[in-house]
Amino acid sequence: MNERLTIEAIATDFLIIGGGTAGCAAALSFCESSASGSVLIAEKAHIKRSGCLAAGVNALNAYIVPGKTPESYVDYARADAEGIVREDLLITMARGLNAAAEKLEALGLTMLKNPDGTYAARGTRNIKINGENIKPLLAAAVESQPRVTVLNHVAVIDYIVRDDRVIGAYAIDLLKPVLYVLTASATLCATGGASGLYKPNNPGFSRHKMWYPPFNTGAGYAMGIRAGAEMTTLEMRFIALRCKDTIAPTGTLAQGVGARQVNASGEIYEQKYGITTSQRVHGTVTENREGRGPCALKTVGITAEHDEQLQRAYLNMAPLQTLRWLESGETPSVRNVEIEGTEPYIVGGHTASGYWVSTERETTLKALFAAGDVAGGAPQKYVTGALAEGEIVGKAALRYTASPPPAADLAEAESLRVALEQTLRRSDANDTTDALEAEMQSVMDEYAGGISADYRFSESSLAVADEKIREIARRAEVLAAADTRELAYIFELRERLTLARSVIAHLRARRETRWHSFAENTDYPERDDANFSVFVNSRLENGELKMIFRDLVKVGETYEH
Amino acid sequence: MSIEISREKCVACGACAVVCPGTLIWVDAAAYIKTPDNCWGCASCVKECPRGAIRLYLGADAGGRGGKLSARRDGALTHWSVEKPDGKTVEITVDSRESNAY
Ligand SMILES: Cc1cc2nc3c(=O)[nH]c(=O)nc-3n(C[C@H](O)[C@H](O)[C@H](O)COP(=O)(O)OP(=O)(O)OC[C@H]3O[C@@H](n4cnc5c(N)ncnc54)[C@H](O)[C@@H]3O)c2cc1C
Ligand code: SF4
Ligand code: SF4
């Protein structure tokens, strides 16, 4: 291809990086709360079907059902995270959950209603919907806003920073050779979490048959780490318990038809290990390791009607699971659904990993906000929590958008262009992006607690992981790309490597085991409340990660920078 | 898992390439996926195709047995069809105006 890149500069009031759940919500909230001001969304895919919501979702997992309160939601999230949460972030998020659900209904999402008009609950925190078209509905709402411009198929690769303030971002177009210089008065990072750091369940041809989107590569975390933003709780990895092979969600089976976790001899083992998210994973891992597997969700014996409803429900969110049932003839009423733990992900919407933010969701870098899976401190956000955080940022950004966007330094953009063109022209690369990605995933798997290590690690294995990741990162500096899509793959690999180093540093710093499987340290197998009822945070300073231990933010307290 | 696109059915409208969350589909005389092992299996392209030209399958390494899943949209209805390895086809219609039962 043409190895020349053209520079295009665009200035906006409010730049949103990632037009996913939180990003779309922030755009809508900004427009509702202001009479003027422009919004620019830079999205690496197309907002109609990008990020976590692409395939559709099953339910709204975070909702305050009648009889419950935002405070009781906070209690649940705190207990599930064994205390390591920011209560100020959780409560401000929880207070926005129901409004977010109502907004989705107003956009046209199908919600199941009780005769009295309230939403039909599934369990104590979920409500039932048809979530197949949730992303197209959000996207259409955003596209109908005259003040919003969307750049689809544009991947952001770095922030533009002046004196500790983020004034925009650099991005590349995946469809044409263009380097964008985007400047903004306020910027939101809403790039979601990160998959692909660890070797996946199916490392061969089906390597991307994973739960978290393989295209959420941790760009937001990595850009923040590089720019010196403070990050929190990256050691609290998220491991999902999923249907074997297809890695489809299990909540519908567990909550929908009440399927319990059973081992090979049919014993229900879930009570033995506890019911927090991490304990459920740990139980399955332990049953397998001790020879009592394979483990499954007990579905045999459900009615034909349940069977058929499940096939439909999965078509609305994980259609390959329905294909799997039908092509094998082994539908859930005939055969229990085998389950396994996924590779670890970094996902601030399920656990608490991500940017260390103020209650307005501003990061430690001025004028940069974070919302959704990329923002830390507040686990159990799910769809409605990501929307609620986007809503908060859409209003908070107004503080900056009154003044015009700062000008970019075009000399810096020019040298970036030269460096990118060099990668497009290079013919002497020894490694390929794919090979280094596989190598990184093997290292993380073996030495930093991946699937094959039963999620366990030790001080010495983490030291090896750190050394090897640094070495792979050096090699990743010399890679070749034939076009801007391949250039984006190189950036994705580098993002993952940057994040992997930080994850390793966090795993090393929390010298205890508070969450089984999520952070299982074999040198420190017990929970240590005396020393570790704190946040483990980090910041990159002069090329080295500095660890920072911060006090918990308890009920009624707030943290501001 | 991945997708396969029928060159016979495809009219190169590009709709699938627009929505793929991984930007994996290319279009010349017909659409094609360059790196099938990068596919997430989300079915966005399958549902978008006006010609029913795209079929989703589960890779053998993830237990796939050769079945194929395709879809046809008709307003609020999505007609899914599963072609089983024995040649039989199962159709399931889902209405987006109806909530999941679970
Ligand atoms: C398969 C799956 C099923 C789920 N099911 C449910 C459910 O049933 N109920 C529920 O409540 N929650 C569910 N969740 C959780 C919920 O969907 C997420 O927590 C939430 O959507 C996250 O929102 P987000 O905005 O942080 O990320 P996303 O919605 O993923 O948005 C991130 C966006 O950033 C873009 N992006 C990434 N990198 C870049 C870059 N470098 N440049 C530009 N753009 C970039 C991505 O393409 C994407 O559009 C599910 C999650 C997954 C993965
Ligand atoms: S199934 Fe999803 S990831 Fe795969 S090609 Fe189609 S749209 Fe892209
Ligand atoms: S949507 Fe269907 S017809 Fe259009 S390019 Fe894709 S495969 Fe071809």
Side-chain angles (χ1 to χ4, degrees), chain A residues 44-46 48-51 54-55 58-59 110-112 120 122 128-133 152-153 174-175 201-210 213-215 244-247 252-253 255-257 306 308-313 315-320 322-324 326-329 485 488, chain B residues 1-2 15-24 26 34-48 55-71 73 76 78-86 88-90 92-102:
Chain A
K44 78 192 272 195
H46 189 288
K48 186 173 182 190
R49 289 277 180 191
S50 63
N58 176 241
T110 300
M111 325 277 276
L112 194 63
R122 180 182 90 170
K128 297 179 187 178
I129 59 168
N130 182 325
E132 190 282 321
N133 58 357
N152 287 308
H153 302 117
L174 301 181
L175 307 183
N201 292 88
N202 308 301
F205 177 76
S206 300
R207 62 188 183 145
H208 277 180
K209 187 58 255 154
M210 49 179 63
F215 318 118
K244 190 168 185 312
D245 299 328
T246 56
I247 318 298
T252 308
L253 295 161
Q255 304 226 33
V257 298
H306 278 152
E308 200 215 313
Q309 290 287 9
L310 284 173
Q311 292 169 29
R312 271 169 209 284
L315 283 172
N316 285 335
M317 56 157 177
L320 278 165
T322 304
L323 171 66
R324 163 60 169 260
L326 292 174
E327 74 173 3
S328 62
R485 276 193 237 196
Chain B
M1 105 271 63
S2 195
C16 55
V18 167
V19 296
C20 171
T23 320
L24 303 175
W26 302 64
K34 214 175 197 177
T35 48
D37 57 344
N38 280 344
C39 171
W40 185 28
C42 70
S44 298
C45 57
V46 175
K47 291 180 281 193
E48 203 70 19
R55 299 191 302 172
L56 201 59
Y57 61 93
L58 194 58
D61 63 326
R65 305 206 188 160
K68 303 279 159 73
L69 181 70
S70 56
R73 288 264 200 196
T78 306
H79 306 288
W80 292 92
S81 103
V82 175
E83 293 160 58
K84 298 204 283 184
D86 63 7
K88 295 206 180 91
T89 299
V90 181
I92 302 179
T93 296
V94 179
D95 187 336
S96 69
R97 292 162 301 190
E98 280 171 16
S99 163
N100 290 337
Y102 309 120

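Naming: A, B, ... by sequence-line order, numbering from 1 per chain.
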* Looking only at atom types and distance, does a side-chain atom of A:His153 sit under 3.5 Å from a main-chain N or O of B:Val18, one as donor and one as acceptor? -> yes
* To do: Against chain B, label A:Gln255 side chain, backbone, both or neither, depending on which of its atoms sit under 4.5 Å from a heavy atom there.
  => neither
* Give, as side chain, backbone, both or neither, the part of B:Thr93 having an atom under 4.5 angstrom from any heavy atom of chain A. => backbone
* **Salt-bridge contact A:Lys48-B:Glu48 (side-chain N to carboxylate O under 4.0 Å)** => yes
* To do: Quick one: sort the B:Tyr57 and A:Phe205 rings into parallel, tilted or perpendicular, breaks at 30° and 60°.
  => parallel
* Exam field: side chain B:Asn100 to backbone A:Asn58, donor-acceptor pair closer than 3.5 Å -> yes
* Structure fact -> Honestly, the part of B:Trp40 sitting under 4.5 Å from a heavy atom of chain A is both
* Structure fact -> When the 4.5 angstrom heavy-atom criterion is applied to A:Ala313 and chain B, the contacting part is both
* Can we say B:Glu98 and A:Arg312 salt-bridge, meaning some charged N sits less than 4.0 Å from an Asp/Glu carboxylate O? -> no
* Asked: Quick check: does any side chain N or O of A:Thr110 sit under 3.5 Å from a backbone N or O of B:Ser96, one acting as donor and the other as acceptor?
  -> yes
* Part of B:Lys68 within contact of chain A (heavy atom distance under 4.5 Å) -> backbone
* Asked: Who wins among A:Pro214, A:Gly204, A:Ser50 for the most heavy-atom pairs under 4.5 Å with chain B?
  -> A:Pro214
* List the steps and the verdict of side chain to side chain contact (heavy atoms under 4.5 Å, CB included) for A:His208 and B:Asn38. => CA-CA 6 Å; A:His208 277 180; B:Asn38 280 344; 3.4 Å; yes
* **Least distance between heavy atoms, B:Gly59 atom then A:Ser206 atom** => CA-OG, 3.7 Å
* To do: Under 4.5 Å heavy-atom distance to chain A, tell me which part of B:Ala17 shows up: side chain, backbone, both or neither.
  => backbone
* Structure fact -> One option among B:Thr35, B:Leu69, B:Val90, B:Val46 has the most heavy-atom pairs under 4.5 Å with chain A, and it is B:Leu69
* **Options B:Val82, B:Asp86, B:Val94, ranked by heavy-atom pairs under 4.5 Å with chain A, top entry** => B:Val94
* Any donor and acceptor pair, going by atom type alone, linking the side chain of A:Arg485 with main-chain N or O of B:Thr23 inside 3.5 Å? -> yes
* Asked: Is the backbone of B:Asp95 close enough, under 3.5 Å, to the side chain of A:Asn130 for a donor and an acceptor to pair up by distance?
  -> yes
